[in-house]
Amino acid sequence: MAETFILRGNICYSESPRSLAVTEKGYLVCIEGRSAGVWKSLPEQYAGLPVTDYKDSLIVPGLVDLHLHAPQYTFRGMGMDLELLDWLNTRTFPEEAKYEDLEYAGKAYNIFAESMKKSATTRACIFATLHREATALLMDLMEDTGLVTMVGKVNMDRNCPDYLREESPERSAQETRAWLDGIAGRYRNTKPILTPRFIPTCSDELMRKLKEIQEEYRLPVQSHLSENKGEIAWVKELCPWAGYYGGAYDGFGLFGGEVKTIMAHCVWPEEAEKERMKEQGVYIAHCPQSNTNLSSGIAPVREYLDKGMNIGLGTDVAGGVGESIFRAMADAIQVSKLRWRLADETKKPLSVEEAFYLGTKGGGSFFGNVGSFEEGYELDAVVIDDRALKSPLPLSVRERLERIIYLSDERHIRAKYVAGARVFDMADDMSPAD
Ligand code: GUN
Ligand code: FE
């Protein structure tokens, strides 16, 4: 049930990429699951509402992960001395094949869901595997977390090992429909998203069928784009008609416009590709840690921001080692500094404000009015009690937020709310004597 209440604390949220609003000891008013605004002193009209006073803690919008792979959580932090295509063949595909076994899937996805619940993330777009039943199981578990997520059964029918390939485009489409029909009406917070893995593993015929499904079920789409140079060259061979990589999605009507679309990575975009993405409002999931671990490169995020394109952050577990979007913010800043120094000194690195925007309001807009505390935004909030991060310095709230981003230590999360519903509050777990 969406609720009506007030949270008190040091409230920080993005208004725009460059503007961070900070209200010390402020009041964040939630009316039926949405923000009614932030005040330094409480307006009379809200005087009777229940207040949870988080004292000197920070209150920030819930973080948004636009791209991660739930089945890959098992091997996070391992086996990354490889580039994308070798990594997929040696680490990823053998692991994903295990999710045919529902018992294994249950064990693995329970661990994943538990970690996501504890994290600072309130919204996520998640790849499962090609297995319909395990994907439904993941959706059941994500629903139990209280997070709002979009989860995709992966489609892949070519250029992958026999043990992890749908045998034909027809079969892949059939399984997708069976999955969608099986989960229809089952969840409040968990939505399906169409998930062709990437062009190398999806035949033209499959893409045509996925477009039909997309139209029939009115689904958004998530996939990968222009991540790795070898991958891009391969797509040119597979789809010579496409002009550029993104054209291979666009040719099937699965590249933004009416179809809400997230493309992960976009490290090596061509000019025409960038223009088309902007025109179509395609969302970029910037995954800096994955792009570093898999030696993919550094995405031109400054340019994406300057052009006003839709962009947010992704952890891309297990290209990235963990689920922290604070860490993704720090990584985004750090790789942007390297890009500035090593590749293009005319493109300034990202600021803390910009990285925070990407991980909240930037990605949040994929879900609607999400990722800020401006009036009317769905109230996703994370309360951070950073008292254990001791310092003799008199730190400002802005400095404390910067430190939380760089330290990326999510052990200090005290409470989490999604669309006005409380996911947890550590105080709930304490006995009255505490
Ligand atoms: N491209 C296709 N599949 C994958 C995947 O699992 N991870 C990443 N990073 N890129 C991909
Ligand atoms: Fe990925």
Side-chain angles (χ1 to χ4, degrees), residues 65-99 108 112 124-131 135 138 149-161 164-166 193-203 206-207 221-235 238-239 245-246 248-249 254 261-268 283-299 312-323 325 328 331 335 363:
D65 191 338
L66 283 186
H67 181 75
L68 80 167
H69 300 257
Q72 299 176 16
Y73 197 70
T74 51
F75 66 94
R76 64 197 185 281
M78 292 183 274
M80 285 186 295
D81 295 336
L82 294 166
E83 285 194 54
L84 175 66
L85 300 175
D86 290 335
W87 176 78
L88 287 174
N89 283 316
T90 59
R91 296 302 301 209
T92 311
F93 293 157
E95 179 59 22
E96 289 195 11
K98 295 181 191 168
Y99 290 75
F112 171 77
C125 295
I126 303 174
F127 278 54
T129 62
L130 56 73
H131 309 98
T135 303
L138 173 62
T149 60
M150 297 188 197
V151 177
K153 181 204 106 56
V154 170
N155 296 97
M156 46 201 290
D157 72 334
R158 68 171 178 186
N159 295 319
C160 37
L164 191 72
R165 182 174 60 230
E166 296 173 300
I193 181 167
L194 208 58
T195 306
R197 181 169 210 123
F198 67 157
I199 291 295
T201 61
C202 298
S203 65
L206 174 56
M207 295 298 275
V221 173
Q222 60 180 355
S223 193
H224 296 92
L225 178 64
S226 299
E227 175 178 4
N228 166 287
K229 287 190 169 176
E231 171 210 20
I232 294 166
W234 195 13
V235 171
L238 291 167
C239 301
Y245 190 159
Y249 296 106
L254 297 171
T261 303
I262 300 174
M263 287 288 155
H265 307 302
C266 309
V267 175
W268 303 103
Y283 273 75
I284 299 153
H286 175 45
C287 307
Q289 194 188 123
S290 170
N291 298 155
T292 304
N293 287 332
L294 298 176
S295 308
S296 301
I298 304 174
L313 295 176
T315 58
D316 194 28
V317 162
V321 301
E323 65 276 19
I325 287 289
D331 291 333
V335 301

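Whatever order the structure lists ligands and atoms in, that order sets their numbers, starting from 1.
- When distances to the Fe ion (ligand 2) are checked against a cut-off of 2.8 Å, Glu227 contributes no N, O or S atom below that limit.
- Residue Gln72 has at least one nitrogen or oxygen atom sitting less than 3.5 Å from a nitrogen or oxygen atom of ligand 1, judged on distance alone.
- Counting heavy atoms from C-beta on, the side chains of Lys98 and Thr129 never come closer than 4.5 Å.
- For the pair Ser290/Glu227, a side-chain contact is recorded, criterion being any heavy-atom separation below 4.5 Å from C-beta on.
- Just one residue in the list Leu66, Leu68, Val321, Asp331 forms a side-chain contact (heavy atoms from CB on, under 4.5 Å) with Thr315, and that residue is Leu68.
- Residue Arg197 has at least one nitrogen or oxygen atom sitting less than 3.5 Å from a nitrogen or oxygen atom of ligand 1, judged on distance alone.
- Contact annotation: the side chain of Glu323 never approaches that of Asp65 to less than 4.5 Å [non-hydrogen atoms, C-beta and beyond].
- For ligand 1, the polar-atom distance check against Thr92 finds no nitrogen or oxygen pair separated by under 3.5 Å.
- For atom 7 (N) of ligand 1, the closest non-hydrogen atom on the protein side is Trp87 CZ3, 3.4 Å.
- Two residues are said to be in side-chain contact when any heavy atoms from C-beta on lie closer than 4.5 Å; Asp316 and Asn293 fail this criterion.
- Here the closest non-hydrogen pair linking Leu238 and Pro200 is CD1-CA, 3.6 Å.
- The shortest distance between side-chain heavy atoms of Ile126 and Phe112 falls below 4.5 Å.
- Residue Glu231 does not touch ligand 1, judged by heavy-atom distances below 4.0 Å.
- In this structure, the ring of His265 has its center no less than 6.0 angstrom from the ring center of Phe198.
- For the pair Asp316 and ligand 1, the shortest N or O to N or O distance falls below 3.5 Å.
- In this structure, His69 and His67 have perpendicular ring planes: the angle between them is above 60°, well past the 30° mark.
- Taking a cut-off of under 4.0 Å to the non-hydrogen atoms of Leu84, the atoms of ligand 1 that pass are 8 (C), 10 (N), 11 (C).
- Its N, O or S atom nearest to the Fe ion (ligand 2) is what matters here, and for His69 that atom is NE2.
- Contact annotation: His67 places an N, O or S atom under 2.8 Å from the Fe ion (ligand 2).
- For ligand 1 and Glu227, the ligand atoms under 4.0 Å from any heavy atom of the residue are 1 (N), 8 (C), 9 (N), 10 (N), 11 (C).
- Contact atoms of ligand 1 toward Phe198: 1 (N), 2 (C) (distance under 4.0 Å to a heavy atom of the residue).
- Heavy atoms of Phe127 stay at 4.0 angstrom or farther from ligand 1.
- When the N, O or S atoms of Asp316 are ranked by distance to the Fe ion (ligand 2), OD1 comes first.
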